[in-house]
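Below: one structure, written as structure tokens.
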Amino acid sequence: MFRFALHYLEMVVAMVVGMVALGPLERLLAQALGRPDALDGTTVSALLMAANMTVTMSLWMRIRGHRWRLIAEMSAGMDVPFLLLLVPLWIGAISEMTHMMAGHVLMFVGMAAAMLFRRHEYTHHHRH
């Protein structure tokens, strides 16, 4: 159980690194392209933040020796909630803030579900 919890914590740390490191880079890129307003929407921000977190989490999983399949499953657990919540957002059933907040909460649930689905992979040493 310790290894499982440690892996989950490592993924969260990698995600925070993605937000902190890649967020400013996307703003610089938008400014360099003359479109600093392109990142103003909450929905765009939420989707970019999810992508930033997924990139660094995927990189860390690969460094730790995980197979691509596991990385894809974990990435889906992180990003699918945001994508599914686009439908209620677009029809006006939820606000942009609800989309961002619920997406982040469900992202953590999705990660845990992906890990529980392959519990053996996350409770044993995975270096190849």
Side-chain angles (χ1 to χ4, degrees):
M1 186 61 156
F2 174 76
R3 201 178 287 267
F4 186 91
L6 181 62
H7 180 79
Y8 191 87
L9 181 61
E10 285 180 11
M11 296 306 96
V12 172
V13 169
M15 291 161 50
V16 171
V17 168
M19 286 189 309
V20 171
L22 298 178
L25 290 178
E26 67 194 26
R27 283 187 278 290
L28 285 173
L29 180 61
Q31 288 175 347
L33 294 173
R35 294 291 318 266
D37 59 327
L39 306 177
D40 287 348
T42 305
T43 303
V44 172
S45 296
L47 293 175
L48 283 172
M49 188 182 308
N52 290 344
M53 290 188 286
T54 302
V55 166
T56 52
M57 179 276 317
S58 298
L59 177 62
W60 184 246
M61 283 185 74
R62 194 62 190 156
I63 289 169
R64 299 281 282 137
H66 285 284
R67 295 176 291 139
W68 287 112
R69 179 179 182 163
L70 293 175
I71 295 169
E73 290 170 358
M74 183 74 78
S75 296
M78 292 173 65
D79 295 334
V80 167
F82 285 99
L83 297 174
L84 291 177
L85 288 169
L86 285 174
V87 174
L89 175 67
W90 290 338
I91 64 172
I94 63 173
S95 68
E96 286 188 335
M97 186 56 70
T98 299
H99 175 255
M100 182 170 21
M101 298 305 293
H104 280 85
V105 169
L106 293 173
M107 172 187 278
F108 288 108
V109 173
M111 289 171 54
M115 290 176 67
L116 288 170
F117 182 68
R118 303 231 187 255
R119 185 175 309 150
H120 178 76
E121 297 278 353
Y122 295 104
T123 55
H124 294 86
H125 188 66
H126 44 290
R127 196 58 137 151
H128 297 293

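- Nearest approach of Pro81 to Ala76, heavy atoms of both residues: CD-O, 3.9 Å.
- Hydrophobic clustering, with ILVMFWY side chains joined whenever heavy atoms are under 4.5 angstrom apart, groups Leu59 together with Met74.
- Note: Thr123 OG1 to Met115 CE = 9.0 Å, rounded to the nearest 0.5 Å.
- Applying the salt bridge (charged side-chain N to carboxylate O under 4.0 Å, His left out) test to pairs two or more places apart or on separate chains, those with a residue in residues 105-120 are Glu73-Arg118.
- Annotation: side chain of Val16 is not in contact with side chain of Val13 (no heavy-atom distance under 4.5 Å).
- Looking at heavy atoms from C-beta onward, Met107 lies out of side-chain contact with Met49 at the 4.5 angstrom threshold.
- Leu89 has its side chain within reach of Glu96: a pair of non-hydrogen atoms, C-beta onward, lies under 4.5 Å apart.
- Under the 4.5 Å side-chain heavy-atom criterion for Ile, Leu, Val, Met, Phe, Trp and Tyr, Met61 and Ile63 are members of the same hydrophobic cluster.
- When all heavy atoms are compared, the tightest approach of Leu70 to Glu121 is CD1-OE1, 3.5 Å.
- Phe108 and Tyr8 make their closest contact through O-OH, 3.0 Å (heavy atoms, listed as atom of the first residue, atom of the second, distance).
- Closest of all the heavy-atom pairs between Pro36 and Gln31 is CB-CG, 3.8 Å.
- In this structure, the separation between CG on Asp79 and CG on Leu84 is 11.0 Å, given to the nearest 0.5 Å.
- Note that CE of Met15 is 11.0 Å distant from CG of Asn52, once rounded to the nearest 0.5 Å.
- The cluster map of Ile, Leu, Val, Met, Phe, Trp and Tyr, joined by side-chain heavy atoms under 4.5 Å apart, puts Leu9 and Phe4 in different clusters.
- A donor-acceptor contact shorter than 3.5 Å is absent between the side chain of Arg67 and the backbone of Ile71.
- Using a 4.5 Å cut-off between side-chain heavy atoms of Ile, Leu, Val, Met, Phe, Trp and Tyr, with links allowed through other members, Leu106 and Trp90 fall into the same hydrophobic cluster.
- Residues Ile94 and Leu85 approach most closely at CD1-O, 3.6 Å, considering heavy atoms.
- No single ILVMFWY cluster, assembled from side-chain heavy atoms under 4.5 Å apart, contains both Val80 and Met57.
- A donor-acceptor pair under 3.5 Å is formed between the side chain of Thr56 and the backbone N or O of Ala14.
- To the nearest 0.5 angstrom, Glu10 atom CD is 11.5 Å from Tyr122 atom OH.
- Atom OG of Ser45 sits about 11.5 Å away from atom NE2 of His99, to the nearest 0.5 Å.
- Relative orientation of the His104 and Phe82 rings is perpendicular, given thresholds of 30° and 60° on the angle between their planes.
- Of the inter-residue distances, the one linking Leu47 atom CG with Thr43 atom OG1 reads 6.5 Å to the nearest 0.5 angstrom.
- Listed by chain and residue number, Glu26, Leu39, Val44 satisfy the side chain to side chain contact (heavy atoms under 4.5 Å, CB included) test with Leu48 (two or more places apart in sequence, or in another chain).
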